[in-house]
Asks: 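Here you go, one structure.
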There are 2 protein chains.
Amino acid sequence: MLELKHLRTIVAITEYGSLVLAAEKLFLTQSALSHQLKEIESRLGVSLFIRKSRPVRLTAAGERLLETARSVLPIMTSTERDMQRFAGGEAGRLHIAIECHSCFDWLMPAINQYRNHWKDVEVDLSTAFNFVPLPALQKGRLDVVITSEPKPLNGIHYEPLFRFEILLAVANTHPLTQLERVPATALRNETLITYPVDQERLDIFTQFLRPADVEPLAIRTAELTLMMVQLVASGRGVCALPNWALAPYLQGGHISALSLGETGLFSTLYLAVREEQLDTPYVREFINIAKETCFQNLEGINVVATLH
Amino acid sequence: MLELKHLRTIVAITEYGSLVLAAEKLFLTQSALSHQLKEIESRLGVSLFIRKSRPVRLTAAGERLLETARSVLPIMTSTERDMQRFAGGEAGRLHIAIECHSCFDWLMPAINQYRNHWKDVEVDLSTAFNFVPLPALQKGRLDVVITSEPKPLNGIHYEPLFRFEILLAVANTHPLTQLERVPATALRNETLITYPVDQERLDIFTQFLRPADVEPLAIRTAELTLMMVQLVASGRGVCALPNWALAPYLQGGHISALSLGETGLFSTLYLAVREEQLDTPYVREFINIAKETCFQNLEGINVVATLH
DNA sequence: GTAAAAGAATGAATTATATTCATATTCACG
DNA sequence: CGTGAATATGAATATAATTCATTCTTTTAC
């Protein structure tokens, strides 16, 4: 009914004192303003200006409307400015999900660094253990997914981050440390410690044990990398972890890291985003920072399997 | 550019979760909403809703716009409600001017009583000594004028309030108290005390002295009725005042009131308003209260000239 | 007080904008 | 993968806004 156009008209008329001037400033004709004014006055059933005098004067109702205009129009101006920031890709939302537990280690520093420079981007990190993240990404519930399975999907772009080796962590005292390479069959007699997620999501199963049709002796789970390492060190099982996740714990000397299979078990981590977002500055920048951070964090790490 | 219509659309869609439902509530077709949404999204250069999911979800830009809508729309609602009050004549403005000094005496109580019942009417009283009030009334700078000269003017309605006699106040000891009626010529030897306004505005000049071509001995002015009366009582002059303005001072016994000329000098006070406002409730009601107050205030007053 | 100038109002014609209708496309769910 | 429900799209239509040409009103200056 009442529209912002009308408020802008009211303001212009009071500001310039005449329909002629106001019309000019609004890039309209005097006639247009006259018609418009008549229209709202008759719709509201009140008169807003007294035109019998020059400069035209506001009626009481006009004053009230002007007051509203003065409080509403600035809000709209700032809203439109924000819209431009969204449009320009300077502001936005980045809902990130990780499929891989250990990714916290390098992602957190990346996010912190990113936040410093993109204050207008709302960053949100969630673990995708209870839902499948890629469809959510497609549908816009998520904006970034960190995954090691780049399943080709409509409208999804995968940006490779880095390649890493999945190593088997065992206690230093464990007999397996005697082997050069650990065959799948060796795990028949071991308790395997994993994160508490579906086996589908764990490379050790999908890429190593299942192809060899091997089931470990037992499986137990732990939430945190640190807990796994402690269990391994005390000889209560073995676990498979990325080399970079394992690195800090190898210093202590209680555990060793062994290559899996003949060639080692390698995997690549990808950052998945919607194709349409690929050229958005704030998304592009996140990808760059993620990559940089990976290199920085992984540079010092040169963990290869313990060789004898 | 961005309009309230769009904000209302955003709110409806988020509230009902689908274009179909929202369209229904807005009395539009789903197609209309789809077009409208597409239009503003392309104008702003941002997408506001993710339609790939159901219910449709807001993007970050959409959230921002919704926030604005939630702060702006209530303001508009309350503004429109106020407009209805103005339209219904429940709210408005009453800029009153009096041409006659003494009118304060009965007008003030009237205004006070009026204010109690019409809280949404902004009442303002000014003395019209430095400007001509009737043209200002015509042009809407004033809304009510109290005058004793009902000059016929386009669009102006005069409501008669009451008829009164202008009496000559003299000291009890004054020789004029011996006369039954005071002729104009009698003032040739008197100092006349008036309000400090143009003689054009004083009935004693226009209706009495000038027709008889008489000039008083001297003229001096006083701001307030009380001051005039005190000057008169101390024998420093005489003054012409309405009977009701003089009434309270006759009790004291220091002054007397005499009729002017053969028939007495009478005048009628009118309340002038713009014709278009005559049917507006808040104006109508002011007229009523003004009339009532006059009667109440003048009822007890039965001042006639002192007769011997 | 009147004429000229400037501003505001008006009505019809035009243009722009919004809405609908009919239909195609997409998405969610079994 | 098909089905039902939702959204998108394009052309046609309806509605609303704007302009043009003109008249009416107010102000100003002589």
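Residue numbering restarts at 1 for every chain, and letters A, B, ... go by the order of the sequence lines.
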Asks: Should the side chain of Q36(B) and the base of dA18(C) be counted as holding a donor-acceptor pair, with the cut-off at 3.5 Å?
Replies: no
Asks: Taking CZ from F27(B) and C1' from dA14(D), how many angstroms apart are they, rounded to a whole number?
Replies: 19 Å
Asks: What integer distance in Å separates F49(B):CZ from dT26(C):P?
Replies: 21 Å
Asks: On the nucleotide dT19(D), are OP1 or OP2 found under 4.0 Å from the side-chain N or O atoms that T29(A) carries?
Replies: yes
Asks: How long is the line joining CZ of R51(A) and P of dA6(C), in whole Å?
Replies: 22 Å
Asks: Rounding to an integer number of Å, can you tell me how far L37(B) CG sits from dT19(C) P?
Replies: 13 Å
Asks: Could you tell me whether a side-chain N or O of E3(B) sits under 3.5 Å from a main-chain N or O of L4(A), the two making a donor and an acceptor?
Replies: yes
Asks: Without decimals, in angstroms, what is the distance between K5(B) NZ and dA17(D) C1'?
Replies: 12 Å
Asks: Among the nucleotides dT19(D), dT7(D), dA8(C), which one has an atom lying closest to any side-chain atom of S31(A)?
Replies: dT19(D)
Asks: Got a donor-acceptor pair under 3.5 Å from the side chain of E39(B) to the base of dA18(C)?
Replies: no
Asks: Rounded to whole Å, please give me the gap between CG in L21(A) and P in dA6(C).
Replies: 13 Å
Asks: Whole angstroms only, please: what is the CG-C1' distance between L28(B) and dC21(C)?
Replies: 14 Å
Asks: For the side chain of V56(A), counting heavy atoms from C-beta on, which of dA21(D), dA8(C), dA8(D) is nearest?
Replies: dA8(C)
Asks: In this structure, how many angstroms lie between the P atom of dT17(C) and the CD atom of E3(B), rounded?
Replies: 12 Å
Asks: Would the base of dT10(C) count as contacting S34(A) through its side chain, where contact means a donor and an acceptor less than 3.5 Å apart?
Replies: no
Asks: For K38(B) and dT9(D), is the shortest distance between a side-chain N/O and OP1 or OP2 below 4.0 Å?
Replies: yes
Asks: Do H35(B) and the base of dT19(C) stack face to face, with centres under 5.5 Å apart and an angle between planes under 30°?
Replies: no
Asks: Regarding E39(A) and H6(A), do their side chains bring together a donor and an acceptor under 3.5 Å, going by distance alone?
Replies: no
Asks: Would you check if there is a donor-acceptor pair between the side chains of R81(B) and T77(B) at a distance under 3.5 Å?
Replies: no
Asks: Between Q30(A) and H6(A), name the one whose nearest nucleotide on DNA chain D is closer to the 5' end.
Replies: H6(A)
Asks: Tell me yes or no: between the side chains of T68(B) and R64(B), is some donor less than 3.5 Å from an acceptor?
Replies: yes
Asks: Would you please classify the geometry between the Y114(A) ring and the F286(A) ring as parallel, tilted or perpendicular, with 30° and 60° separating the classes?
Replies: perpendicular
